Amino acid sequence: MRLMHLGRARLGMALPRYRPQLRQAREHCLLDLFEAYALASSTLEELQREYPARKELIAEYQQTCADMQAEIVALLTLTDERLFP
């Protein structure tokens, strides 16, 4: 449960335009993505603090986080269209 809340909060910071939808999201697929995003973004943050930097791994996690953000935005958009046709 804690990971889901952390992921939702981090996504709110990364996607400020979607904060209301993120707060209201209850779909199981989105909650799972919130948890996965929490793990990926936390790992990215840790990698960025390491010295020496593992640039390839950092780039991979940056891309993973960006892909997750895009998927979440797409799901939020679909959810909005179903709720508010």
Side-chain angles (χ1 to χ4, degrees):
M1 194 68 142
R2 181 181 175 276
L3 279 176
M4 187 263 307
H5 292 295
L6 177 62
R8 189 188 305 256
R10 285 180 177 245
L11 284 160
M13 296 300 291
L15 304 168
R17 178 177 175 209
Y18 294 94
R19 284 181 189 153
Q21 294 97 321
L22 290 166
R23 279 192 294 269
Q24 295 173 1
R26 302 288 181 261
E27 292 79 9
H28 187 68
C29 61
L30 281 167
L31 301 181
D32 287 345
L33 280 170
F34 292 171
E35 288 184 8
Y37 187 82
L39 292 171
S41 62
S42 295
T43 301
L44 174 59
E45 196 173 87
E46 290 173 21
L47 287 168
Q48 290 172 327
R49 289 188 201 138
E50 286 183 357
Y51 183 83
R54 294 186 277 175
K55 294 179 182 181
E56 287 181 21
L57 196 53
I58 289 171
E60 185 178 325
Y61 271 91
Q62 286 172 328
Q63 186 61 53
T64 297
C65 289
D67 291 345
M68 287 179 163
Q69 289 174 11
E71 185 174 352
I72 289 165
V73 166
L75 287 171
L76 289 173
T77 302
L78 286 174
T79 301
D80 279 353
E81 288 174 0
R82 282 186 304 209
L83 294 175
F84 309 105

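Excluded from the calculations below are hydrogen atoms, water molecules and symmetry mates; all remaining heavy atoms, backbone and side chain alike, are included. Computed from a predicted structure; not experimentally measured.
- In terms of the salt bridge (charged side-chain N to carboxylate O under 4.0 Å, His left out) criterion, R19 has no residue partners (sequence neighbours excluded).
- Separating the CG atom in D67 from the CD1 atom in I72 is a distance of 11.0 Å, to the nearest 0.5 Å.
- The shortest heavy-atom contact between R17 and Q21 is O-OE1, 3.9 Å.
- When all heavy atoms of C65 and Y37 are compared, the closest pair comes out as O-CE1, 3.6 Å.
- Applying the under-4.5 Å side-chain rule to Ile, Leu, Val, Met, Phe, Trp and Tyr, the cluster around M13 consists of that residue alone.
- Connectivity analysis of hydrophobic side chains (ILVMFWY, heavy atoms under 4.5 Å, direct or indirect) links L47 to L44, L57, I58, Y61.
- The two residues R26 and R8 come nearest to each other via the heavy atoms NH1-NH1, 3.6 Å.
- Residues Q48 and Q62 are in side-chain contact: their nearest non-hydrogen atoms beyond the backbone lie under 4.5 Å apart.
- For E56, the CD atom counts as loosely surrounded, since its 6.0 Å shell holds 12 or fewer non-hydrogen atoms of other residues, nucleotides or ligands.
- Here the shortest heavy-atom pairing between M68 and A40 reads SD-CB, 4.2 Å.
- For R2, there are no salt bridge (charged side-chain N to carboxylate O under 4.0 Å, His left out) partners two or more places apart in sequence or in a different chain.
- For E46, the side chain to side chain donor-acceptor pair (under 3.5 Å) criterion is met by no residue, not counting sequence neighbours.
- Between E71 and L33 there is a side-chain heavy-atom pair separated by less than 4.5 Å.
- Between L3 and A38 the shortest heavy-atom distance is O-CB, 3.3 Å.
- Taking the side chain as every heavy atom from C-beta outward, Y18 and L11 never approach each other to under 4.5 Å.
- In this structure R10 satisfies the salt bridge (charged side-chain N to carboxylate O under 4.0 Å, His left out) test together with E45, sequence neighbours excluded.
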